[in-house]
**Student:** 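If you scroll down you'll find the structure; I have some questions about it.
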Amino acid sequence: AESIVADLGHGLHQARLYETEQELVSRLKEIDDVKTDFMSTVSHELRTPLTSIAGYVEMLRDEDPGPINTGQARMLDVIARNTARLRGLIEDMLILSRIEAGTFRASRTAVDLAELVRNVHAAIAPAAAKAGVSLTVTTEGDLRLHVDRDQIDRVLANLVSNAVKFTPSGGAVTVTARREDGEVVVVVADTGIGIPAAEQDQLFTRFFRASNASHLVVPGTGLGLAIGHAIVRNHGGTVTAVSAQDEGSTFTVRLPA
Ligand code: ADP
């Protein structure tokens, strides 16, 4: 955003709409801040009523106020699922606004990445089984490092759930975590639909969804990879992707140990 603002500032200055380039750049920065503030406020304001809705839906499903019939139960399932989606989206927007405001900080503790990878496996295995995708995890060597546990968990969960989401039945997802010199390397590989070559450079841009994915019914916002990229960079690491359409994708995360 910084460089876009600077470029825009330069262009508009050339058009002589502002006295100095400096003046214009600071004005554009103000506007950008307002946008980030807005995103943050809206996300916060949406969170509270949504928490209330989710709570009451759960009470109804638990038949707290009284018995419900199967038709009503099915409807409540749909409400619960969509409420969860909305909460996920709002959570992502909140994180993104913090990243943009520079207030999204990692709180690092000693974490064993092998354990984290196993947790992600346990969480996603049922969805993989349901989708007919085999999911295997291998860990190798000493994978302890100092990271923000929740943030790295989010990155890995996003990569593995994407891999499962974008792999048709009969395919495979493999996750390997290993130590390599001063780094811990996690590779998430799938035999899925891949990403069209021409779109790969947008992969870590927010709200990006590839053209071959948008027709799938899998829900998504296109925020996961943008957030993951920012988190890994914040930790001094890198995340890269190699993909071939209709063959599969491989995402590699490198974190300094
Ligand atoms: P979401 O999955 O919510 O759409 P992401 O930021 O996690 O958001 O992913 C952005 C897009 O990148 C996806 O919509 C999809 O088009 C593409 N993508 C991500 N991971 C994969 C993958 N493993 N295989 C194929 N496409 C992928």
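All ligand and atom numbering here is 1-based and tracks the order in the structure. The structure presented is a predicted model; accordingly, all values stated were derived computationally and were not measured. Just so you know, residue 1 is the first one in the sequence shown, and it goes up from there. All values below were derived from every heavy atom in this structure, side-chain atoms included, with hydrogens, water molecules and symmetry-related copies excluded.
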**Student:** Just so I know, are the side chains of H146 and H235 near enough to count as touching, which here means a heavy-atom distance under 4.5 Å?
**Tutor:**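 No. Closest side-chain heavy atoms not under 4.5 Å.
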**Student:** Just to confirm my output: which protein heavy-atom neighbour is closest to atom 21 (C) of ligand 1, and how far is it?
**Tutor:**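 For atom 21 (C) of ligand 1, the nearest protein heavy atom comes out as F166 CD1, 3.5 Å.
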**Student:** Please could you name the atoms of ligand 1 that N158 approaches to less than 4.0 Å, counting only its heavy atoms?
**Tutor:**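 So the answer, numbered in order with elements, is 7 (O).
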**Student:** In the protein, which heavy atom is nearest to atom 14 (O) of ligand 1, and how far is it?
**Tutor:**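 That would be R209 NE, 3.2 Å.
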**Student:** Return yes if some donor-acceptor pair links the side-chain N/O of Q245 with the main-chain N/O of I193 below 3.5 Å, else return no.
**Tutor:**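 Flag not set: sc Q245 to bb I193 has no pair under 3.5 Å.
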**Student:** Counting from 1, what ligand 1 atoms have a heavy atom of A210 closer than 4.0 Å?
**Tutor:**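 Here the atoms of ligand 1 in question are 16 (O).
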**Student:** Please report which non-hydrogen protein atom sits nearest to atom 10 (C) of ligand 1, along with the residue it belongs to and the distance in Å to one decimal place.
**Tutor:**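 Minimum-distance protein heavy atom for atom 10 (C) of ligand 1 reads F208 O, 3.1 Å.
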**Student:** Tell me: protein heavy atom nearest atom 7 (O) of ligand 1, and distance?
**Tutor:**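 Checked against all protein heavy atoms, atom 7 (O) of ligand 1 sits closest to N162 ND2, 2.8 Å.
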**Student:** Measure the distance from atom 12 (O) of ligand 1 to every protein heavy atom, then report the residue, atom name and distance (to 0.1 Å) of the closest one.
**Tutor:**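 Protein heavy atom with the smallest distance to atom 12 (O) of ligand 1: L203 CD1, 3.6 Å.
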**Student:** Below 4.0 Å from any atom of ligand 1, is there a heavy atom belonging to R206?
**Tutor:**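 No; R206 lies far enough from ligand 1 that no heavy-atom distance drops under 4.0 Å.
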**Student:** Pull out every atom of ligand 1 sitting under 4.0 Å from any heavy atom of L223, numbered as shown with elements.
**Tutor:**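 Once the distances to L223 are compared, the set is 6 (O), 8 (O).
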**Student:** With no hydrogens and no angle check, just 3.5 Å: does a side-chain donor-acceptor pair link E199 and S211?
**Tutor:**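 Looking only at side-chain atoms, S211 and E199 do form a donor-acceptor pair, the distance falling under 3.5 Å.
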**Student:** Do the charged groups of E100 and R206 touch, with an N to O distance under 4.0 Å?
**Tutor:**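 Yes, this pair counts.
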**Student:** Using modelled atom types only, decide if a donor and an acceptor are shared between the side chain of D148 and the backbone of D150 within a distance under 3.5 Å.
**Tutor:**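 Here the side-chain-to-backbone pair exists.
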**Student:** Which atoms from ligand 1 have a heavy atom of A213 less than 4.0 Å away?
**Tutor:**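 That gives atoms 15 (C), 16 (O) of ligand 1.
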**Student:** Would a distance-only check, ignoring hydrogens and angles, find a side-chain to backbone donor-acceptor pair under 3.5 Å from D190 to G248?
**Tutor:**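 Not confirmed, D190 side chain does not pair with G248 backbone.
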**Student:** Is there a donor-acceptor pair under 3.5 Å between the side chain of S243 and the backbone N or O of I195?
**Tutor:**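 Yes.
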**Student:** Does ligand 1 have any atom sitting under 4.0 Å from a heavy atom of F251?
**Tutor:**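 True for this residue.
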**Student:** If you take the nearest heavy atom of each of G248, A163, P196, G222, which one is closest to atom 1 (P) of ligand 1?
**Tutor:**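 Going through G248, A163, P196, G222 one by one, G222 has the nearest heavy atom to atom 1 (P) of ligand 1.
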**Student:** Counting N and O atoms only, with roles assigned by atom type, does the side chain of N234 sit under 3.5 Å from a partner on the main chain of F104, one being a donor and the other an acceptor?
**Tutor:**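 Flag set: sc N234 to bb F104 pair under 3.5 Å.
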**Student:** Within the side chain of T83, is there an N or O that forms a donor-acceptor pair under 3.5 Å with the backbone of L50?
**Tutor:**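 Answer holds: no.
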**Student:** For the residue pair R118 and T139, establish whether any side-chain heavy-atom pair is separated by less than 4.5 Å.
**Tutor:**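 Sidechains of T139 and R118: in contact.
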**Student:** Which ligand 1 atoms does K165 reach within 4.0 Å, using its non-hydrogen atoms?
**Tutor:**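 Once the distances to K165 are compared, the set is 1 (P), 2 (O), 3 (O).
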**Student:** Checking a contact table here: which protein heavy atom is nearest atom 26 (N) of ligand 1, and how many Å away?
**Tutor:**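 For atom 26 (N) of ligand 1, the nearest protein heavy atom comes out as I195 CG1, 3.4 Å.
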**Student:** The criterion is ring-ring contact (aromatic ring centres under 6.0 Å, His included); which residues satisfy it with F204, sequence neighbours excluded?
**Tutor:**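 For F204 the ring-ring contact (aromatic ring centres under 6.0 Å, His included) partners, ignoring immediate neighbours, are H229.
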**Student:** Got the closest protein heavy atom to atom 5 (P) of ligand 1, with its distance?
**Tutor:**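 Protein heavy atom at minimum distance: L225 N, 3.6 Å.
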**Student:** Tell me which protein heavy atom sits closest to atom 3 (O) of ligand 1, plus the residue, atom name and distance to 0.1 Å.
**Tutor:**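 Going atom by atom, the protein heavy atom closest to atom 3 (O) of ligand 1 ends up being T221 N, 2.8 Å.
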**Student:** Give the numbers and elements of all ligand 1 atoms closer than 4.0 Å to a heavy atom of S249.
**Tutor:**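 What qualifies from ligand 1 is 22 (C), 24 (N), 25 (C).
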**Student:** Can you find an N/O atom of D190 closer than 3.5 Å to an N/O atom of ligand 1?
**Tutor:**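 There is such a contact, yes.
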